[in-house]
Amino acid sequence: MRRYTHIFRLWFYEECSDALRLRRFICTGDQVSPSVSSDSEQLVSNIVSIFTKKPFHRDSLELRNLAPALTTKVVESVLNRFKSWKIAHEFFDWASSQSGYMHNCYTINALAAVLSGARRNAEMKTLSSYLVNSRCPMTPGALGFFIRCLGNVGMVEEADAVLNQAKDLGLCIPNKYTYNCLLQAISRSNKVEILEMRLKEMTDFGWELDKFTLTPVLQMYCNLGRMKCAMRVFEIMGDQDWLDVHSLSIMVLRLSKLCLTDEVFELIQKMESRNIRVNEQTFCILIHGFVKESKLDAALELFDKMKRSGFTPEISLYDTIIEGLCKKGQLKRALDLYLEMRESGISPDSKLLIKLSNFFSEEQMIQLLEELPEGMDTKTVTLYYNLLLTFYIKAGLTDKAHIMLRGIMGSDSNSCDTAMDSLIKFKGAGFVSTASFNIVISGLIQKGEVDSAVGLFLDMGQVHCRPTVEIYNNLIEALCNSNKLDVAKDLLREMEATSGLSPTQFTHNCIFGCLCRREDTIGAIDMVKVMRVYVHEPWIKHSSDLVKRLCNKGRVTEACSFLADLVEEGFVPDIVAYSTAMRGLIQTHKIDQAMELFRDLQAQGCHPDVVAYNILISGLCKAKRVSEADKLFEEMLEGGLFPSVVTYNSMIDGWCQIGDVDRALLCLSKISRKAQEGGPDVITYTTLIDGLCNAGKPDEALTMWDEMKRQGCVPHSITFMAMIKGLSKSGRPEEARSYLKEMLREGMKPQIYVYVALLEALISEQKLDETFQVLREMLEIGSFPELKDKWHVALRDVLAKLVQDERTSSSIRALVAEGHLGPHLSDTDR
DNA sequence: GTAGGGTTAG
């Protein structure tokens with residue numbers, strides 16, 4: 001009984017100040033400190049400075065001296081002064097351990113406000129336990145406050161539990177206010193059962209409900225979308241005249257979420273007649289929502305209402321609506337709104353302007369400029385100018401942008417057309433920026449007008465604009481791409497020496513790439529030496545490109561030494577660059593060197609891939625070193641690599657080359673038929689057809705042809721040629737001819753050697769008429785090969801035989817006379 | 001403002 005008396009006294013005295021504090025809290029959002037005497041004020045400052053000072057020792061003498069003077073009022077003040085929740089927490093902890101001092105519900109709440117604001121849920125949980133375990137008596141208001149702190153961080157169940165515990169332990173006799181706080185906390189969740197249970201409890205107590213009870217209930221039903229219940233609560237509140245800005249917001253936001261636009265307006269109207277107005281935040285949320293749903297009329301109507309209610313919209317709201325209008329194609333309204341915004345004193349930011357320029361036409365962009373008020377500050381004018389410049393560049397009107405920029409600079413007013421002249425109200429160096437140059441220079445480069453770009457760049461100094469790394473890089477890249485290496489190098493020098501800018505990896509690589517394209521090995525390596533100083537890695541694609549170019553021209557040795565030089569400089573090329581070099585070596589018949597390079601790489605820990613193996617295997621096979629190739633093949637399998645069709649094709653060719661057709665066929669059977677690997681391809685079959693014919697097995701070649709077609713593989717001209725040549729060489733020119741006919745029907749043009757083989761086969765069988773026919777066909781689709789042609793002599797032999805025979809000699813002479821056989825034959829065959 | 005470069009049949 002005594003205990004209850006104590007609590008009663010406590011809250012009887014303190015309820016008033018509690019209520020006052022809460023009121024202030026609601027208005028300002030801050031936990032309000034109790035007033036302390038000036039002595040205490042000094043103490044508070046001392047403690048605050050000790051705790052914020054680093055390094056900090058909680059056992060310092062200074063603190064120990066202060067401890068005896070500690071009171072709850074002082075602690076509360078101190079807690080409200082810290083900006084960091086961590087320090088507040090630390091101080092609270094320190095205070096708890098001082099002898100003779102005990103926290104009360106106000107110091108606990110002070111910490112709760114700090115922790116809740118910082119969303120420290122874990123610490124809030126600990127504080128809840130502390131509150132209960134310390135058996136700290138609480139006023140109903142204090143408990144309510146604590147519960148709201150829990151609610152703010154979504155700790156609804158904890159809030160519910162704390163109320164029970166405080167009640168059960170007799171720490172507090174909660175009143176309606178406490179319960180209302182709890183309801184408010186619960187309404188932030190979807191735990192409707194808890195809410196309804198508490199509500200029932202309250203009615204059981206015989207308490208009269210008020211608007212603070214029903215607002216959370218309304219909120220809960222709205223959250224859950226139980227609109228019938230929500231409407232019922234709303235009506236009750238209306239009947240009791242309990243509606244306010246807050247409840248209106250809840251309802252109106254929900255209605256807009258349900259897309260009930262008409263109802264939103266109806267409700268706002270109705271409320272206005274009762275002098276309840278939507279607050280600024282709700283206006284903003286509603287307008288954003290409407291724009292999102294493309295209800296621009298509704299958004300604009302609300303926007304007007306908002307302004308009439310005396311609110312000044314912020315730029316973000318203008319931004320949203322203007323963008324919405326642009327997207328709907330209502331550019332006129334967007335522009336009007338934009339101008340209205342500018343008039344209302346909001347200075348436009350570049351984000352919104354850039355957005356507008358994506359939608360506006362040239363006329364609208366110009367209108368924007370023309371309506372610039374006199375006396376606009378330089379920076380803003382430049383922003384508008386740059387916008388129009390960007391617009392012109394995007395529209396491909398590069399010349400216009402160029403003329404405009406020069407017009408603003410005032411450099412050549414005579415060449416500036418009058419329309420442009422009137423557009424540019426503000427002229428002079430102050431109205432252009434580095435960005436203006438960047439825009440136009442990039443535009444010129446895109447159009448391939450590199451010289452103009454450089455010219456413009458050189459004029460930047462006149463208007464005191466400093467070039468950036470980006471501008472230098474753009475120019476240097478463009479110059480290198482158009483092979484103007486000297487100018488690019490000049491710019492690089494100027495970049496460092498005059499502008500004091502550091503070239504980037506990109507800058508150097510542009511020049512390195514250009515040197516590589518020029519096949520300037522020495523220059524490239526010199527550049528690499530420079531780059532090494534900057535720790536700029538030369539891009540491997542450029543190195544590979546150079547290697548490939550050199551190899552294609554037979555400069556393999558140079559290519560290899562370039563790669564070695566790169567290594568020397570500390571930049572190790574990758575397997576692709578080396579593969580190119582190995583192929584280059586193979587093409588110049590330096591297979592052993594290629595092998596050596598390959599083994600060196602492996603020795604350095606590099607694991608060559610399938611392509612690298614393929615290059616070597618094919619090289620060895622072409623050189624008929626098939627058993628070595630086969631060893632590599634095995635090695636590759638051991639290394640866990642999967643041979644590709646290319647690998648098999650090369651091996652098949654190799655086996656055929658040395659006449660081991662059986663091994664070739666064995667390879668064929670091993671080619672994976674997995675869907676993603678595709679199985680044998682045209683090249684496989686072509687190689688085999690060629691190999692089988694060469695091995696004197698034309699019948700098997702014919703079977704292979706059928707097999708290929710059965711597999712759905714379509715023969716190429718090379719396949720046809722292999723078949724035709726093969727059959728001819730096997731003494732079966734008749735069949736060869738039928739494949740030739742099919743090939744021609746397919747629209748493919750055989751190479752000359754195919755005809756040579758066929759003609760030779762026909763003539764050796766003395767089929768002179770047919771030989772002549774094929775010769776005529778050959779001449780129909782192409783001219784007779786010239787003297788220096790590889791096949792010239794062979795064909796002349798054929799002709800000689802035809803001329804010697806009386807059945808065909810006159811026809812051949814006729815052909816010669818008509819000039820079909822070229823100029824070289826006339827003397828021989830006469 | 002920056003990733004695609006190397007392999008097989010005649």
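Letters A, B, ... mirror the listed sequences (proteins, then strands); counts begin at 1.
- A salt bridge is absent between E634(A) and K631(A): the closest approach of a Lys/Arg side-chain nitrogen to an acidic carboxylate oxygen does not fall below 4.0 angstrom.
- Bracketed by its first and final contacts, the part of DNA chain B lying under 4.0 Å from non-hydrogen atoms of chain A reaches from dG1(B) to dG10(B) in 5' to 3' order.
- Side-chain N/O atoms of N358(A) and K394(A) include a donor and acceptor closer than 3.5 Å.
- Ring geometry, H508(A) versus H536(A): the interplanar angle falls from 30° to 60°, so the pair is classed tilted.
- Among the heavy atoms of the strands lying under 4.0 Å from T504(A) is at least one base atom, whether or not backbone atoms are also near.
- A salt bridge between E628(A) and K622(A) is absent, with no side-chain N of the basic residue lying under 4.0 Å from a carboxylate O of the acidic one.
- I718(A) comes within contact range of at least one nucleobase, with a heavy-atom separation under 4.0 Å.
- Here the shortest heavy-atom pairing between A581(A) and L563(A) reads CB-CD1, 3.7 Å.
- Contacts of N509(A) with the nucleic acid, taken as non-hydrogen atoms under 4.0 Å apart, are absent.
- Residue-environment remark: CD (E569(A)) exceeds the threshold of 12 foreign heavy atoms within 6.0 Å.
- Side-chain N/O atoms of N386(A) and S433(A) include a donor and acceptor closer than 3.5 Å.
- Nucleic acid contact class of H716(A) (heavy atoms, under 4.0 Å, all strands): base.
- For the pair R710(A) and D706(A), the salt-bridge criterion is not met [side-chain N within less than 4.0 Å of a carboxylate O].
- If you check every strand for non-hydrogen atoms under 4.0 Å, K548(A) touches sugar and phosphate atoms only.
- Among the heavy atoms of the strands lying under 4.0 Å from I540(A) is at least one base atom, whether or not backbone atoms are also near.
- Listed by residue number, D574(A), I575(A), V576(A), S579(A), T580(A), R583(A) are the residues of residues 566-583 of chain A with a heavy-atom contact under 4.0 Å to DNA chain B.
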